[in-house]
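Chain letters run A, B, ... following the sequence lines, proteins first and then strands; every chain starts at 1.
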2 protein chains.
Amino acid sequence: MPKQKNTKQKILEAAIDLIAKNGYRGASVRKIAAEVGIRESAIYNHFKNKEEILKEIISQIFTTPFEFNDLEERAKKGKSFLHQFVVAYKLVSFDKKMEKLFRVMMIELFQNEDLRESFLEEFHQKDIQQISKALFIMMQDGLIRSADPMFMAQEFLSPLFYIRLRVSLLRIDEKSTAPIATQFEKHVDFFWESVAV
Amino acid sequence: MPKQKNTKQKILEAAIDLIAKNGYRGASVRKIAAEVGIRESAIYNHFKNKEEILKEIISQIFTTPFEFNDLEERAKKGKSFLHQFVVAYKLVSFDKKMEKLFRVMMIELFQNEDLRESFLEEFHQKDIQQISKALFIMMQDGLIRSADPMFMAQEFLSPLFYIRLRVSLLRIDEKSTAPIATQFEKHVDFFWESVAV
DNA sequence: GTCTATAGCACGATAGAC
DNA sequence: GTCTATCGTGCTATAGAC
C-alpha cells in the first residue's frame, strides 16, 4: 500500500500546516482536501472523521526527542551535559516540522483535554525527570549545590520553554530570531553560574 | 446610558467565557447571545461585528498589573522586593477574571498578529523592564552579582510564566494546584540563592 | 435596543457512480 | 480511492417591525 500511505501522509501534513495557522476549527476538511488536491469526500477514505486526523497529529507531537541512553556517564561532565541538552533543544526549536507541531500543541492546549494531559505528563514530566536525574548525579559528585533536583530541573527547563515560545511567535511573522537565538546558550552559562559549587 | 453599558458588559463577559473555553472561532455570536439572553441581531447594536468584540477583550488583557511607582526604594530591599513581585504575580495567576484573560491570550496568541505584538511588547517587555531596573539597582548596591540585567530579568520571569501556564492548565480540568502553588515562592528562594553575593 | 425573518455562505459528513 | 451531488446544520450579518 504505497499510494494509500502517500495520500494519508499528505493529508496529515496539510492538516498540520493549516492547524498551525488557524487552529483545529479553522482547518476545515474542505481546505485540507484542497491543499492535498483531492475532494473532501476522499479524506474519509483515510480517516473516519476530522477528529481522527487531529488525534494522529497529537500522537506525533509527543515523540520525545531528548533521550540520552548513557545519561549517567554524560551527567558526570556537569556543564557540558547541560550544554549538549540545550543544543538539542535549540535544534528542535528551530526545526520546521517540530516548530509546526509546537504551534499545534500551543494552540490546542487550552481546548483539548487529552493534549493537556499529554503536555503535563510527557512534554513536561519527561524532560524534568531526565534533567533532574542528571542534576542529582552532579550533586552527588559535588559539582553543583544541593537542592530538590526536580525543582532545579524545572528552573533549568522553564526558561528554555519560554525562549522556544518566543522563537515560535517571532517566526510566524517572519521576524528575526537572531537576538533571541543566542539566549539558549546564555541560559546554560547563567544557570551553571547559579548552581556550580 | 446605564442599560446599554450593562448589556455591552454582559456581552464581553460572555464572550470571554466562551473564548476561554472554545477559542475565538468556537465562540459564535449565537452562543454569546444565548448566554447573555438576547438574540444574535441585538449583539450588533453594541459591536460593529464579531471581531470588534475580540479587540475589546484583547485590550483588557494588557492592562499591565505590575507597576511599582516607588521602585527604586523597593529595589534597595533586595530579595523582599522580588518576593513582593511574585506575590502579586501569584495573585494575578489565581484571579478568576485574569486567569480567563490569560487563557484567551494563550489560545489566540498563535492566530492573532496584533495579540502577538502586544504579547512581545507589553506582556513580555514591561515586566522585563521593571525587574531589570530593580536588578540593576541591586547590582549597584552589591546585593547581587553583576550580569546583563535584562537577561537576568528574563531568567527571573520565565519560570514564573511557566508555573502560571501550568496552573492555568490544571484549573481548566479542575485539578489540584496545591503542589504547584508553592513553587512561586520557592522560585524566589532559588533565584536569590543563585544571584546573591 | 430588542425582536423576527432571512440571506448567503461554509461546515462535516454520506450516498453512490466510476 | 477518487469523483459528483447533496443533505442538514451552524455561521456572520442585515432588513425592517415594534
Side-chain angles (χ1 to χ4, degrees), chain A residues 1-60 103-104 107-108 110-115, chain B residues 1-60 103-104 107-108 110-115:
Chain A
M1 45 185 161
K3 262 195 179 161
Q4 188 222 22
K5 216 180 180 180
N6 217 325
T7 302
K8 189 167 182 176
Q9 215 52 43
K10 277 187 196 166
I11 293 169
L12 283 171
E13 277 164 31
I16 290 172
D17 273 1
L18 285 164
I19 296 173
K21 266 187 207 133
N22 310 314
Y24 176 67
R25 276 178 216 258
S28 67
V29 177
R30 272 208 207 333
K31 285 181 196 160
I32 294 169
E35 187 125 322
V36 175
I38 55 175
R39 301 281 152 177
E40 303 101 277
S41 55
I43 298 265
Y44 295 90
N45 286 317
H46 304 277
F47 296 92
K48 201 187 112 209
N49 53 35
K50 193 187 168 186
E51 225 195 315
E52 291 299 314
I53 301 177
L54 181 61
K55 277 192 187 165
E56 204 147 319
I57 292 171
I58 288 178
S59 76
Q60 282 186 36
R103 281 185 212 170
V104 171
I107 290 175
E108 298 306 318
F110 284 81
Q111 296 174 75
N112 188 309
E113 186 166 356
D114 289 345
L115 193 55
Chain B
M1 46 182 163
K3 259 194 182 163
Q4 187 221 25
K5 216 179 179 182
N6 216 325
T7 302
K8 190 168 183 175
Q9 215 52 43
K10 276 186 196 166
I11 293 169
L12 283 171
E13 277 166 31
I16 291 171
D17 273 2
L18 285 164
I19 296 174
K21 266 188 206 134
N22 310 315
Y24 175 67
R25 277 177 215 260
S28 67
V29 177
R30 273 217 216 320
K31 285 180 195 161
I32 294 170
E35 188 124 323
V36 175
I38 55 176
R39 300 281 153 178
E40 301 102 277
S41 55
I43 298 265
Y44 294 89
N45 286 319
H46 304 276
F47 296 92
K48 199 187 112 208
N49 53 34
K50 192 187 167 185
E51 226 195 315
E52 291 299 313
I53 302 177
L54 181 61
K55 277 192 187 167
E56 203 147 319
I57 292 171
I58 288 178
S59 76
Q60 282 186 36
R103 280 185 213 171
V104 171
I107 290 175
E108 298 307 317
F110 285 80
Q111 297 173 76
N112 188 309
E113 186 166 355
D114 289 346
L115 191 56

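- Of the inter-residue distances, the one linking Asn6(B) atom CG with Ile11(B) atom CD1 reads 10.5 Å to the nearest 0.5 angstrom.
- The backbone N or O of Arg25(B) sits nowhere less than 3.5 Å from a side-chain atom of Asn22(B) that would complete a donor-acceptor pair.
- Atom CD of Glu51(A) is separated from atom P of dG12(C) by 12 Å (rounded to the nearest Å).
- Leu18(A) has its CG atom 11 Å from the P atom of dC11(C), to the nearest Å.
- For the pair Lys50(A) NZ and dC11(C) C1', the interatomic distance rounds to 8 Å; values are reported in whole Å.
- Here the C1' atom of nucleotide dT12(D) and the CG atom of Leu54(B) are 15 Å apart, to the nearest Å.
- When all heavy atoms are compared, the tightest approach of Leu115(B) to Glu108(B) is CD2-CB, 3.4 Å.
- Rounded to the nearest 0.5 angstrom, Glu56(A) CD and Lys8(A) NZ are separated by 4.5 Å.
- Spacing between atom CG of Asn22(B) and atom C1' of dG10(D) amounts to 14 Å, rounded to whole angstrom units.
- Here dA13(C) presents its C1' atom at 14 Å from CD of Glu52(A), a figure rounded to the nearest Å.
- Counting only distance, with no hydrogens or angles, the side chain of Tyr24(B) and the backbone of Ile107(B) share no donor-acceptor pair below 3.5 Å.
- Between Ile53(A) atom CD1 and dC11(C) atom P the separation is 14 Å, expressed in whole Å.
- Of the residues in residues 23-42 of chain B, those lying under 4.0 Å from DNA chain C by heavy-atom distance are Ile38(B), Arg39(B), Ser41(B), Ala42(B).
- Between Lys10(A) atom NZ and dG1(D) atom C1' there is a gap of 13 Å when expressed in whole angstrom units.
- Contact between Ile32(B) and Ala27(B) at its shortest, heavy atoms only, is CD1-O, 3.9 Å.
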